[in-house]
Structures are given as structure tokens and as C-alpha cells.
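Take a look at the structure set out below.
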Amino acid sequence: MSEQRNETHDPATRSWVEGADGHPVFPVQNLPLGIFSTDGAGPRPGTAIGDHILDLAALAGLLPAEVRPALRQPMLNPLFALPPSARTALRKAVFRLLTDPAHRDDVAPALYQASSCAMHLPAAIGDYTDFYVGIHHATHVGRLFRPDNPLLPNYKWVPIGYHGRASSIRISGEPVRRPRGQSKAPDTETPSFGPSRRLDYELELGVWIGSGNPLGTPIPISQASAHVAGLCLLNDWSARDFQAWEYQPLGPFLAKNFHSTISPWVITADALAPFRRAQPPRPAGDPAPLDYLHDPADQARGAFAIELEVLIATAAMREQGLAPVCLSRGPATNMYWTVAQIVTHHASNGCNLNPGDLLGSGTISGPAETEFGSLLELSRGGQRPIALPTGETRCFVEDGDELTISATACADGAVPIGFGPCTARILPALA
Ligand code: MN
């Protein structure tokens, strides 16, 4: 990732776009990348500024020559394939256009009200891999099965992951159909097939891969951050009943691949520069990472000051006009492995990562109950229902529930930036 602060992070700089200054999610210091469309014009790259979207394709002529061909494409893969310096140059140019009033007449016609635009998947996702770096989540879930030995012996040595399914990744706002599948209750002899009764969410960060690596050529840890184009929010919907029955010996399959929701805006590596943090030290007695995963610069700057939260609004809550309720809230520093470490580990055997590939962090939970990133943890495996203001309770997600993940990066001396919502509502299973 680009790790340098520059003029685009200056908290004192103002934008001439109405409503951008002080915007809680998309001030001019954010400038996320996404793919949007408007009535009469198809998907194209844009950036969010306040409550508007700036059409980067329409302004390509005013932007650096090295990014122009990529800005005329309906997905961001070509932009991700460029070196990080090209995206930094794009950011600086867009920042100038939106802050210098001299450009207002040229640029204003390319602004659209965000509420009048449709968002699309930012990239054609060739491959999707989900990791398991939330050590508190791994511990809580492990404890449900192995109270005395929750973490398996490999956890602190190797970033655990599995290959997910790219085809069912959908943008925020698209409803999720409750999956049907095979499960076996503990008190039955044989499994059955039907709608999931233990549907859950997983609070995760998504990592968008930039230029990537040729097959057979690993990515050294010292270069890993240069291969990350940016981050998004990811809800890795999970059918816990299917998962418990199917996962041995090869890991998650149909419990996970029926639908995953991502936030539409790519919060770029450049935008996140002020929010980099030291990776929290490992607890005393934990092994140091093996050499190929250890880089002093990554340990010093490889974590992020991002606060994540999950909100629920049931159908009854919406009918009664009640605000969504926060289920959990916690920092992204609860990751045992850094983003750079999972990128390097993924490519360490020569596996090629491609522009627009997506990596999931795994569920990010903290040690405190208010920080649990899934209902499986919050309800203690379905044993302890959560009370809602309507008098309803939840152990798992019900039809009509709407789950929203949101996140804000905050740091001293920087303007806070948001990720925009990652939200979806549950539809009943097909009969
Ligand atoms: Mn997951």
C-alpha cells in the first residue's frame, strides 16, 4: 500500500462541492473508487465526494495520461493493474479538481447526486479467498467445540484461509435469499435438506488486490502492501447449520458460497495512509512470525485504525419506525495477521493473485462481548438470545432482518473517513 501522507490528506483543505466539508463518510480526503451508472449511461469509474459522485470517465481528459485508458472501462480491474504510483497520481489530480475553485466550471457537470446513481461491483472478481485472522473470533468459535483448547496449534504460525466463491459476491443493497441446504441436528440420526435455521453474518474487511504476481513468483512481505489497491467491507453470510455438518475434512463450502455482500466503494491505500498503525504486539509466549511473514516496516505500520460496527433492523423495527440497533462495535486492530501478511502468505507458494481479486480478513471480533463480529458468538452458539427493542429476540438472522456493517477510519491530525454501508436484507427461502 502507498504509505505516504501528502497534500491530499491535509485536514485544512476544503472542497468547493457543497456538503463535502465535514461529510462523515466522503470528505475530499477520502476519494474512494467505485463503479456507478446513471439513467442513460452505463457503468463507469467514479469517486464519492460528499453526497455526490464524480464521473471519472467523463473527466478522463483532465486526469493523468497513465490512467485514462483504465478510466474508460466499466470495471476497475485495469486501474488496479497499474502500479500504485498511477493511483496516487489519479488521487492527487482529482483532489486538485475538487478543491481548486478554478476547476469548478469544468468539473461540476460531471457531478451526480449519489442518490440518483446505481452502484455496481467495483471489479470483475476472478478469485475470492477468505482468511481467519480475527483471533478472538477463532477463539470464541473454537471454544464452542473445544472448551479447553479453542485455538488449533497451527493458528499462530500460518494465516488460515480457504478459497471462496467469487460468482456470488454482490454489492450492498442486494437482498440475500435464505439458502437451502443439508444439515444434521445433534439429536437426529440422519441429515435433512431445507432452509437454513442458523443463518449468520460475519463482520469482515475485504482487501482488493492491485497488480498481483505472475504464477510461480511469490510476493515478498516487504512488497506486499504495494499489491493492495484498497479495502472494503465484507459480510460473509454463513449458514452455521450447514457449516457444522459439511466442513470436515475440506472446510467451508455451501455454508458460505450462496451470497457474500461487499460495500461498493474501494477505500484506497492512499486514503488510508494516515490511519496506519503498528500491528499490536503478540502476547508473551506466542511465536514470532516465520521470516517470510516478518517485516519490521509492516509490524510498525501494517495495521489500521478503523472502527467497525454491525447494526440490525428487523421488519418489526422498521414498521415501528425504530432506528437500527448496534449489535457490536470494535477496532480492526483485532487482526492477528496484517493485510500484508495474508497477501504474502497467499502468494508464498507461487499462487498468482490478479488485479481485482478479493481477500476477506475473516470475522473481526474483539475480546469483549460488545465486540463480537457474528451472531454465533453473540448468542453463544444459539444458547443465549439477544433482546431487541421490539421485544423480539435473535439467536440467528430471521427473514426480513436487515444487517448493516459500517466503518470509520479515525486518527489524530486526519479528517475521519468512512467506508459507506455494507447492507442487505434477508428474503425467505424458496419453497
Ligand atoms: Mn468468513
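Just follow the structure's listing: the first ligand is 1, and inside any ligand the first atom is 1.
Salt bridge present: Asp236 and Lys256 bring a charged side-chain N and a carboxylate O closer than 4.0 Å. Taking the charged nitrogens against the carboxylate oxygens, Asp401 and Arg425 have no contact shorter than 4.0 Å, which rules out a salt bridge.
Counting only distance, with no hydrogens or angles, the side chain of Arg329 and the backbone of Val310 share no donor-acceptor pair below 3.5 Å. The backbone N or O of Thr338 lies less than 3.5 Å from a partner atom in the side chain of Gln341, making a donor-acceptor pair.
Residue Asp236 approaches the Mn ion (ligand 1) most closely through its N/O/S atom OD2. In terms of distance to the Mn ion (ligand 1), the nearest N, O or S atom of Glu204 is named OE2. For the Mn ion (ligand 1), the nearest N, O or S atom contributed by Asp130 is named OD2. If you look at Glu202 and ask which of its N, O or S atoms sits nearest the Mn ion (ligand 1), the answer is OE1.
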